[in-house]
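The next block holds one structure in the form of structure tokens; read it before the comments.
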Amino acid sequence: MFPDIARDDIFRLETARLWLRWPRVSDAAAIQRYGSRWEVARYTARIPHPYPPGTAERFIYAAREGNSSGRDLTLVLTPIRGKREAIGAIGLELRGRDRLTLGYVLAPEFWGKGYVSEAVAAMVEAAFSLTHAIEINASVRVENPASRRVLEKAGFCCVGTGPQGAPARGGLVECDRLALPRSDWAARSRSQFVNESVHEIP
């Protein structure tokens, strides 16, 4: 799905305040710190709580394998300024032949500051620019409206609500399902380009 440019571990995306890059073994301690917190794990389907030793390393190895194969794209979020340790992660996973699933986590001390919105926008742009995906899907727990707002800001629309499997939470959990078709993304991009062009006219 993802081209050679994304399969090299020097690949990265830049936002106003973040680098999004491949995870490294040196990120394990930072990932362990935020991954072990219940307020992070509770809204996810896969992060166990308690967070066993070695889980961060296994996440890193799996992410790097998925990236190098071109099947998925998982990146960690690191601030451009200040301490450049991982403060979260974001990933796109292949579903079927032409759809991607988006997921992300962020250390709680960085919540409410717009970092995830920056990362989601960059990943959506990369997904549709680098692949032939026709749609990106995402799911959020119904009790996590902040995450839903992040997705809606990026152009996602809710397509349903219902139970979904969450192995780390012990079964099914109620989730909102959201989707962003390529056609909607393209129309949104054209509209933003037109608006920016109009503002630039003297």
Interatomic distance, W19 atom CH2 to L77 atom CG [nearest 0.5 angstrom]: 13.0 Å
E85 side, atom CD; I87 side, atom CD1 - distance, nearest 0.5 Å: 9.0 Å
Side chain proximity check, L102 to F156, heavy atoms < 4.5 angstrom: yes
Worked check of side chain to side chain contact (heavy atoms under 4.5 Å, CB included) between M1 and H132: CA-CA 7 Å; M1 170 66 79; H132 61 267; 3.9 Å; yes
Any donor-acceptor N or O pair under 3.5 Å, side chains E65, N67: no
W185 CH2 to R190 CZ distance, which is reported to the nearest 0.5 Å: 9.5 Å
Polar side-chain atom of N144 near backbone of R141 as donor-acceptor pair, under 3.5 Å: no
Gap between atom CG of L130 and atom CZ of F11 - 0.5 Å precision: 5.5 Å
Reported CG-to-CD1 distance for the pair L151 and I136, which is rounded to 0.5 angstrom: 10.0 Å
Worked verdict on T15 versus L20 for side chain to side chain contact (heavy atoms under 4.5 Å, CB included): CA-CA 8 Å; T15 74; L20 278 59; 4.2 Å; yes
Chi angles and distances behind the side chain to side chain contact (heavy atoms under 4.5 Å, CB included) call for L180, V124: CA-CA 9 Å; L180 176 58; V124 166; 3.7 Å; yes
Over all atoms of both residues, closest heavy-atom pair of E135 and P181: OE2-CG, 3.9 Å
N/O donor-acceptor pair under 3.5 Å between S36 side chain and R33 backbone: yes
Side-chain donor/acceptor of Y104 to backbone N/O of S147, under 3.5 Å: yes
Side chain proximity check, V76 to R21, heavy atoms < 4.5 angstrom: yes
Side chain proximity check, Y43 to V40, heavy atoms < 4.5 angstrom: no
Sub-4.5 Å side-chain heavy-atom contact between I80 and E14: yes
Side-chain (T55) to main-chain (Y51) donor-acceptor, under 3.5 angstrom: no
Expected output: side-chain R148 to main-chain V140 donor-acceptor under 3.5 Å: no
Side chain to side chain contact (heavy atoms under 4.5 Å, CB included) evaluation trace for E125 with L13: CA-CA 10 Å; E125 179 76 21; L13 302 173; over 6 Å; no
Neighbour count >12 (heavy atoms, 6.0 Å) for atom CZ, R46: no
Intermediate values then yes/no, salt bridge (charged side-chain N to carboxylate O under 4.0 Å, His left out), R37 and E109: CA-CA 11 Å; R37 297 176 65 170; E109 56 266 34; 2.8 Å; yes
Exam field: side chain R169 to backbone I47, donor-acceptor pair closer than 3.5 Å: yes
R7 side chain vs F2 backbone, donor-acceptor pair below 3.5 Å: yes
Any side-chain heavy-atom pair of L100 and N137 under 4.5 Å: no
Check: W111 side chain, L106 main-chain N or O, donor-acceptor pair, under 3.5 Å: yes
Close side-chain approach of M123 and L73, heavy atoms under 4.5 Å: yes
Mutual orientation of the aromatic rings belonging to F110 and Y115 [parallel < 30°, tilted 30-60°, perpendicular > 60°]: perpendicular
Donor-acceptor pair, side chain of R64 and main chain of P23, under 3.5 angstrom: yes
Heavy-atom closest pair, residues A41 and P48: CB-O, 4.3 Å
Heavy-atom pair of closest approach, residues V120 and A154: CG1-CB, 3.7 Å
Separation between NZ of K113 and CD of E118, rounded to the nearest 0.5 Å: 12.5 Å
hydrophobic_cluster_shared for I5 and L92, side chain cutoff 4.5 Å: yes
Residue pair R24 / I60, side-chain heavy-atom distance below 4.5 Å: no
Min side-chain heavy-atom separation Q164-D176 under 4.5 Å: no
Shortest non-hydrogen contact from W22 toward A6: NE1-O, 3.3 Å
Heavy-atom donor-acceptor pair, D72 side chain to L94 backbone, under 3.5 Å: yes
Heavy-atom pair with the smallest gap, counting every atom of A28 and E57: CB-OE2, 3.6 Å
Contact summary for A86 and I31, nearest pair of heavy atoms: CB-CG1, 4.5 Å
